[in-house]
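In what follows, a single structure is set out as structure tokens and then discussed.
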4 protein chains.
Amino acid sequence: MVSLADYSPEVRDEVKLVREQVATLHAQLTRWNLVVWTAGNVSQRLRSADLMVIKPSGVRYEHLTPGSMVVTDLDGNVVDGAEAPSSDTLSHAYIYRHMPDVYGVVHTHSTYATAWAATGRDIPCVLTMMGDEFGGPVPVGPFELIGSEAIGKGVVDTLKDHPGCPAVLMRNHGPFTVGADAEAAVKAAAMTEEVAHTVWAAEQIGTPKPIEPADIAKLNDRYQHVYGQH
Amino acid sequence: MVSLADYSPEVRDEVKLVREQVATLHAQLTRWNLVVWTAGNVSQRLRSADLMVIKPSGVRYEHLTPGSMVVTDLDGNVVDGAEAPSSDTLSHAYIYRHMPDVYGVVHTHSTYATAWAATGRDIPCVLTMMGDEFGGPVPVGPFELIGSEAIGKGVVDTLKDHPGCPAVLMRNHGPFTVGADAEAAVKAAAMTEEVAHTVWAAEQIGTPKPIEPADIAKLNDRYQHVYGQH
Amino acid sequence: MVSLADYSPEVRDEVKLVREQVATLHAQLTRWNLVVWTAGNVSQRLRSADLMVIKPSGVRYEHLTPGSMVVTDLDGNVVDGAEAPSSDTLSHAYIYRHMPDVYGVVHTHSTYATAWAATGRDIPCVLTMMGDEFGGPVPVGPFELIGSEAIGKGVVDTLKDHPGCPAVLMRNHGPFTVGADAEAAVKAAAMTEEVAHTVWAAEQIGTPKPIEPADIAKLNDRYQHVYGQH
Amino acid sequence: MVSLADYSPEVRDEVKLVREQVATLHAQLTRWNLVVWTAGNVSQRLRSADLMVIKPSGVRYEHLTPGSMVVTDLDGNVVDGAEAPSSDTLSHAYIYRHMPDVYGVVHTHSTYATAWAATGRDIPCVLTMMGDEFGGPVPVGPFELIGSEAIGKGVVDTLKDHPGCPAVLMRNHGPFTVGADAEAAVKAAAMTEEVAHTVWAAEQIGTPKPIEPADIAKLNDRYQHVYGQH
């Protein structure tokens, strides 16, 4: 079995850094009310090797430390860590193998996103924030059982039809989000819950007005290329 | 009257430990928004004697200390403690006497779980998280008045028909949850509110899709035997 | 004009104590999400003189100190304090003059209680927690403009028809609660919002089942006479 | 290009003060749950020069410092600051140029206010709190793309028809609020979300009762001229 000692100092340094980042980002899941108890996880792929860092399975958020984060290869084999990795490890690994631009993956069961997932309905694109972040509706993916890479395949297959969209609502299950790093995927998870809640609320008091596809395209283009610090 | 001084040092040591655990776990009830003011309680049964540790009655959460936790026997008689025990003590005791694998009991009035309880509807099993934690729907139990062991009997009788399920929604009242220790019961209370909220939200925007019984069984089996750190 | 220096040392000591209590209890309004910005107030009547202590008008909760609390007589005239008292002062004073057992009054605009108030509907008694705390439905009071004692009169007149109930939902406005001291009134305010939210949620997924009047009476009697530390 | 060094010491002192105020007020956006991640911004116009201070673009709230706030002129040109200003800068600037009494502007995507914006419905005036703060319904403004001053023009044009109202719900987008300073605009943002949530909730359980226009006028007049510390 391969161990972290077999990797270069550069890789080991990145592992140390990413462990801190991934551990810290779990606090953002609770900060934005995206998770209850242990029901969500963050991973980040390394730049310097085909490895990823992911949350250990079934550990409460207040007990997470950088050292408890598990390092696996992109087939989900543990390379370093005293704890068993998240039950979703094989799915995170599948996503990294099949989406080369993705370096961060997040899974939650956030309340309103999961409500949409339970009904099997895409969240319609009726908010400028959705045009910005998702470039269209947030799609529902297939029903898959946890424990294999099937959920990861469902995420990848669904996103093929929604280029640029960082979120999938896995049916009866909850959202998976991806990004250029773990922070971007956490942000997408927070945005997914926010738009899920807002559009849900809008449907209770009327019919949300759709945004024209041309306007959605303009919003998404500006957001991806102009917004923020460059 | 029996007092704690009549018990062995081993029992007194466990009492001290469990008082700390039970006092600390009440902070998780407020952490996950499961209670308002004093409206919820946690107990844990001892391993070393037929005793349990439970919250005092009507005391605000910020005033709880390990020393204020009340020790009773499994008929609800106070063995140690300066305060009166929770109004639900006889029901906790009944559950421990009739469910020998249960060492933790929690009662809350959490908002969405209690909303289901008010309508008398079971929460249908439409989320993988429900398959994991509950192995099926979350059932409603009978209407019973507080103050006797009747509520405990309602919980036990209802769970006989739902083996493996750790939660009952007592009609017009609120959820009771059980577990292998108090922490497991608190986790079940947090999960009960989360799925109650999510399925409630799903019903406002469509028809939640049921999960096949065979898939529910697979989810529950994996969660009980594979998930977490073993 | 009368000033606090005209009162006995005993009264001045009680003023000091009650100012601390009332200032501290405002933190419970934000703790339980009952208020936004400055939109709620707590007062307590003194035992040693016909005086009350109330929040200053329009001051943000994080800026409140015991010293900023205003002392008025039971006609609402300022006896001590550098700031103008709450706009609701005359109504608090009216309640104290007409309900001799009441020593605490709280007003909020808490979200779900105010939603019921906007529709003019009483909250039906479908939860054991309502039987405990309110002894029946939470009633709606008349529409009255702020600034005079009219709101206080509306509260008193409405509670005459609901003996033992500590809450009124003033129409299009928000809840007022009363108690044996300010803490009891704050507790009633927290309970009012909780049951308003829960019954509201129940109505979205079915028809909440009423509790028999005889059972409500038993719940209320036990709660008022047995619950808590005696 | 003009720089801050070209301005008088008085202006530079005010810039320093307003940077602290604006940075601090962003914490109130998260305090009252008005924003997720980076999705909201506060600005304040100076009294001593035709300048404004605004949030940098796409920076997380916990990373904001007074020094990171950007100073621009009232055409949106950067005068001082290491970061790019908010994407909404041109719209804030437009509002300041066209509403001379406005010295504070806030934009959020707060959940329930944005839900109303998605449906294109004004929030009807059915709460005394709305009479106080808004003097009538909260109006919906036009759909406009972000990045130019078009949103600011939509805000100004909409408020022309609602004198005294400090909030507009930009269609499919979210609320903009204005005030005599940034704190007043933040307060209006918090109040907008609160009344959006309350009226939304009221519509789920009945028909909110309208308040008579004469009563709304009385409420608004008292609130603007009597409420608070004068």
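Order of the sequence lines sets the chain letters (A, B, ...), proteins ahead of strands, with each chain counted from 1.
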Within residues 198-208 of chain D, residues adjacent to chain A where the heavy-atom gap is under 4.5 Å: Trp200(D), Glu203(D), Gln204(D)
Contact class of Lys218(A) relative to chain D, heavy atoms under 4.5 angstrom: side chain
Which of the residues Glu194(A), Met130(A), Glu193(A), Met191(A) is involved in the greatest number of heavy-atom pairs with chain D at under 4.5 angstrom? Glu194(A)
Suppose a student defines contact as a heavy atom less than 4.5 Å from any heavy atom of chain A. Which residues in residues 26-37 of chain D would they list? Thr30(D), Val35(D), Val36(D), Trp37(D)
Between Arg222(A) and Ser87(D), which heavy-atom pair has the shortest distance, and what is it? NH1-OG, 3.2 Å
Are the side chains of Glu183(A) and Arg60(D) in contact, using a 4.5 Å heavy-atom criterion? yes
Surrounding CD of Glu212(A) (heavy atoms of other residues, nucleotides or ligands, distance under 6.0 Å), is the total greater than 12? no
Of the backbone (N, CA, C, O) and the side chain (C-beta and beyond), which part of Glu133(A) lies under 4.5 Å from a heavy atom of chain D, both, or neither? neither
Among Leu127(A), Thr128(A), Val195(A), find the one that has a side-chain contact (heavy atoms from CB on, under 4.5 Å) with His109(D). Thr128(A)
Would Ile146(D) and Tyr223(A) count as a side chain to side chain contact (heavy atoms under 4.5 Å, CB included) if you check the C-alpha gap in whole Å, the side-chain angles of each, and the deciding distance to 0.1 Å? CA-CA 10 Å; Ile146(D) 197 172; Tyr223(A) 191 73; over 6 Å; no
What verdict does the side chain to side chain contact (heavy atoms under 4.5 Å, CB included) test give for Lys209(A) and Thr119(D), after you've listed the backbone C-alpha separation in whole Å, the side-chain angles of each residue and the deciding distance to 0.1 Å? CA-CA 6 Å; Lys209(A) 297 183 179 302; Thr119(D) 63; over 6 Å; no
For Met129(A) and His173(D), what are the C-alpha separation, side-chain angles and deciding distance, and is it a side chain to side chain contact (heavy atoms under 4.5 Å, CB included)? CA-CA 7 Å; Met129(A) 183 190 270; His173(D) 187 160; over 6 Å; no
